[in-house]
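Beneath this line is the structure, given in C-alpha cells, with notes to follow.
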Amino acid sequence: MTEEFPQAPDWMGAACQRLGLAWGAATAEACERLYAELLAYNAKVNLTRITERDAYYRRHVLESLWLARWIPEGARCVDVGSGGGFPVLP
C-alpha cells in the first residue's frame, strides 16, 4: 500500500476468507481508492452517511462482497441505480 492509500482494516482478509472470497493487496488498494473517491464526492453530493473507515468496510464493501456468493461465475448482471457504487464496485 502507498501512503496515499493506507492499509485496509486487518479483519477484512479474514472476513473475506470466511465468505470464500479472495482478498489481496490489489483488492485492498482498490477499496481504499474507492473510499477516497466516496469521501471526496460525498462532500458535494450526499451519497451516504457511512463515512468512517471501519463502517465503510463493514457496511459497504463487505456487505457488497457478501452478495457475490449468489452470483455464478461468468454471469452477466446489470446493477441499476447503484448510487454510491454499491454493491457493484466492490
Side-chain angles (χ1 to χ4, degrees):
M1 292 290 149
T2 63
E3 285 185 35
E4 183 180 1
F5 299 107
Q7 184 74 25
D10 293 335
W11 55 263
M12 273 300 293
C16 285
Q17 187 175 25
R18 283 193 300 274
L19 293 175
L21 301 170
W23 180 264
T27 304
E29 185 166 344
C31 286
E32 278 297 312
R33 287 178 187 268
L34 178 58
Y35 179 61
E37 290 294 324
L38 179 71
L39 290 180
Y41 200 74
N42 201 54
K44 301 173 196 169
V45 177
N46 187 23
L47 295 174
T48 182
R49 291 184 314 157
I50 302 168
T51 57
E52 190 269 323
R53 177 175 260 101
D54 271 0
Y56 157 79
Y57 275 97
R58 187 170 279 109
R59 299 290 313 273
H60 287 315
V61 177
L62 193 58
E63 287 182 8
S64 294
L65 293 175
W66 181 75
L67 294 172
R69 298 170 17 166
W70 289 282
I71 301 173
E73 189 166 333
R76 296 177 71 175
C77 302
V78 174
D79 182 4
V80 178
S82 62
F86 304 98
V88 73
L89 291 178

Side-chain heavy-atom pair M12, T27 within 4.5 angstrom cut-off: no
Contact summary for A68 and L21, nearest pair of heavy atoms: CB-CD2, 4.4 Å
Atom CZ of R49 with >12 non-hydrogen neighbours under 6.0 angstrom: no
Under 3.5 Å: donor-acceptor pair, side chain of Y35, backbone of A30: no
Heavy-atom pair of closest approach, residues C16 and L65: SG-CD1, 3.9 Å
Single-linkage hydrophobic cluster, 4.5 Å side-chain cutoff, I71 and L89 together: no
Closest non-hydrogen atom pair between W23 and A8, with its separation: CZ2-CB, 3.8 Å
Shortest non-hydrogen contact from N42 toward L47: OD1-N, 2.6 Å
Hydrophobic cluster membership, W11 vs V61, 4.5 Å side-chain cutoff: yes
Nearest-0.5 Å distance, OH of residue Y41 to OG1 of residue T48: 14.0 Å
Non-hydrogen atoms of P90 and H60 that approach each other most closely: CG-O, 4.4 Å
R59/E52 salt bridge by N-O under 4.0 Å criterion: no
salt_bridge(R33, E37) N-O dist < 4.0 Å: no
Non-hydrogen atoms of Y56 and C31 that approach each other most closely: OH-O, 2.7 Å
Sub-4.5 Å side-chain heavy-atom contact between F86 and I50: no
